[in-house]
Amino acid sequence: MQGLSLDFTGMKKFISDEEINQNLYKLNHAHNKLEQRNGLGNDMLGWMDLPTKRDEEEISRIKECAKRIQNQADVFIIVGIGGSYLGAKAIIDLFSNSFSNMLPLSERKHPQIIFAGNNLSGKYLRNLVEYIADKDVAINVISKSGTTLEPAITFRTLKVLLEEKYGIRGAAERIYVTTDKEKGILHDIAKENEYEMFVIPDDVGGRYSVLTPVGLLPMAVANIEIEDILDGAQFASFRYNNRKLEANDCYRYALYRNILYNKGKDIEILASYEPSFQYFIEWFKQLFGESEGKNHKGIFPVGVNLTTDLHSMGQMIQEGKRNIFETVLEVKVDRSFIKLPSTEDNKDGLNYLANKEIDYINKQAYKGTLKAHIDGGVPTCVIEIEDLNEYNIGQLIYFFEKACAISAYILDVNPFNQPGVEAYKKNMMDLLKK
């Protein structure tokens, strides 16, 4: 069972065979750039090898470290921004109870997991400091350089707090650092204080780093089977390496989105009918937004959580400007097994749905919305996930990473740099009078 399949039926009437044939040379060119590793940003292709060239010793160390964190902490704080936290939070949310942090440890079986260092809100940081005041804490600070302001400010604050609470050596046993192998402020701090340290490979950028210790350590603390994630990604790395369009849904997705872009469809909506995919959508937005948004080009990535957002964005999607297309994540197998109860008085008029599973009702909403959007002029692709497990999500991660790289090369931009990010940083530092 492959676990992942794509249905392009909702795009067929918007894309002609002639348009596909006219753009095949761009796809082949993009494939060659990746396989021959001679395209823009070719020094940042390490993500392609992560599933197949594993460091088994490091994976063992990650799992041992995760057990140590589980034993020493009530609260585990991941300090990072962008690619340093989005992937980990996306996967943890998918495989955790929706109310995980509210559950007792006996049911949760791991520390409460909190993400910080992804904003500059004094209110958020104050609330965090107050919340952990009477709790045992461990932190994982993630930054390649250590100079990004949001995580750096949060780390300093938490470092001082831990040192006051546990002493310098006691704090050192509760601080875990994921950073550059040899250089950078955070690397130097970790070395000086003898913190447990994990490496972000030089040839892997932040938004492609979820399958490095950046994502694997937080996942392991949350009792997620990280080797199954890697196995799924490994399968996808072979499955999506065929240059023939008819045999490669990843390439078909990348090509179709670029054909639609050239026809004025410059906004892609990633939609899911499961709220636990919210941060996977956020990860997707960073992956594609930061990879393609250059040289005044790029498909603008947005996301909606359905059916929730049908009551806020539904009208815009259905009848707004026709510059959008939609990709829908659908989980085929549901394991909630919750049904709508029947009542004798039927005052709410819902007995016509009595004893039906809520997932069945949700899927009818999905089918009805899908048809309405396609009929309303929105090209739609469905990514079908057979079952929500680590192996299939590992496939999905690699699918999007490869599709993003191919799509950016078709667009003729460097998928792996982010020069525009430096503009706001310079202005901010000037205002702060660094």
Side-chain angles (χ1 to χ4, degrees), residues 41 44-47 50 77-94 113-121 124-125 128 139-158 176-180 184-187 198-219 268 270 277-294 298-303 396-398 400-401 403-405 407-408 413-429:
M44 298 300 289
L45 294 176
W47 59 272
L50 293 173
I77 304 173
I78 293 121
V79 179
I81 195 167
S84 294
Y85 93 102
L86 282 172
K89 180 159 177 55
I91 308 309
I92 290 170
D93 281 5
L94 282 175
I113 296 177
I114 294 175
F115 292 83
N118 49 56
N119 59 65
L120 287 170
S121 166
Y124 187 90
L125 190 53
L128 176 61
I139 67 174
N140 176 205
V141 56
I142 306 168
S143 176
K144 210 162 194 176
S145 66
T147 60
T148 305
L149 204 56
E150 292 90 340
I153 285 173
T154 300
F155 176 48
R156 176 189 279 205
T157 304
L158 295 178
Y176 302 84
V177 170
T178 309
T179 190
D180 190 272
I185 290 173
L186 187 56
H187 168 275
F198 293 92
V199 171
I200 306 172
D202 289 338
D203 57 358
V204 179
R207 58 189 177 275
Y208 285 84
S209 67
V210 63
L211 299 180
T212 73
V214 168
L216 296 179
L217 177 58
M219 288 183 220
E268 178 178 13
L270 184 64
F277 271 98
Q278 179 177 349
Y279 266 86
F280 192 94
I281 291 171
E282 293 301 313
W283 173 79
F284 159 88
K285 284 161 59 178
Q286 189 209 3
L287 179 67
F288 279 86
E290 208 166 56
S291 296
E292 290 190 323
K294 289 146 200 173
I299 299 166
F300 192 84
V302 298
L396 190 63
I397 289 168
Y398 197 90
F400 275 123
E401 288 180 342
C404 182
S407 184
V413 298
N414 183 345
F416 310 112
N417 68 350
Q418 51 279 337
V421 171
E422 300 307 315
Y424 89 84
K425 287 184 178 180
K426 180 182 182 303
N427 291 343
M428 181 169 63
M429 291 306 176

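In this chain, numbering begins with 1 at the start of the sequence shown.
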Could you list the donor-acceptor pairs under 3.5 angstrom formed by side chains in residues 82-89, with sequence neighbours left out?
residue, atom, partner, partner atom, Å
Lys89, NZ, Asp93, OD1, 3.3
Lys89, NZ, Asp93, OD2, 3.3

Handout entry: Listed partners of Thr147 passing side-chain hydrogen bond (donor to acceptor under 3.5 Å, both in side chains), at least two apart
Key = Ser145

Practice task
Please identify each residue that fulfils side-chain contact (heavy atoms from CB on, under 4.5 Å) with Leu149, with sequence neighbours left out.
Solution key: Ile153, Met428, Met429, Leu432

Handout entry: Partner residues of Glu292 under the salt bridge (charged side-chain N to carboxylate O under 4.0 Å, His left out) criterion, sequence neighbours left out
Key = Arg257

Fill in the blank from the handout: Residues at least two apart in sequence or cross-chain that pass ring-ring contact (aromatic ring centres under 6.0 Å, His included) with Phe288, listed by chain then number, are Phe284

Exercise for the section: Kindly write out the residues that satisfy salt bridge (charged side-chain N to carboxylate O under 4.0 Å, His left out) with Glu282, not counting sequence neighbours, or none if the list is empty. Expected result: Lys285

Handout entry: For Val199, side-chain contact (heavy atoms from CB on, under 4.5 Å) partners two or more places apart
Key = Lys181

Handout entry: side-chain hydrogen bond (donor to acceptor under 3.5 Å, both in side chains) against Tyr176, all qualifying residues, sequence neighbours excluded
Key = Gln72

Completion exercise
Residues passing the side-chain hydrogen bond (donor to acceptor under 3.5 Å, both in side chains) test with Thr178, sequence neighbours excluded, are Asn140

Handout entry: Pairwise salt bridge (charged side-chain N to carboxylate O under 4.0 Å, His left out) hits with a residue in residues 202-216, at least two apart
Key = Arg207-Glu290

Practice task
Apply side-chain hydrogen bond (donor to acceptor under 3.5 Å, both in side chains) to Gln278 and list each qualifying residue two or more places apart in sequence or on a separate chain.
Solution key: none

Exercise for the section: Output all residues satisfying side-chain contact (heavy atoms from CB on, under 4.5 Å) with Ser209, sequence neighbours left out; order by chain, then residue number. Expected result: Val204, Thr212, Val214

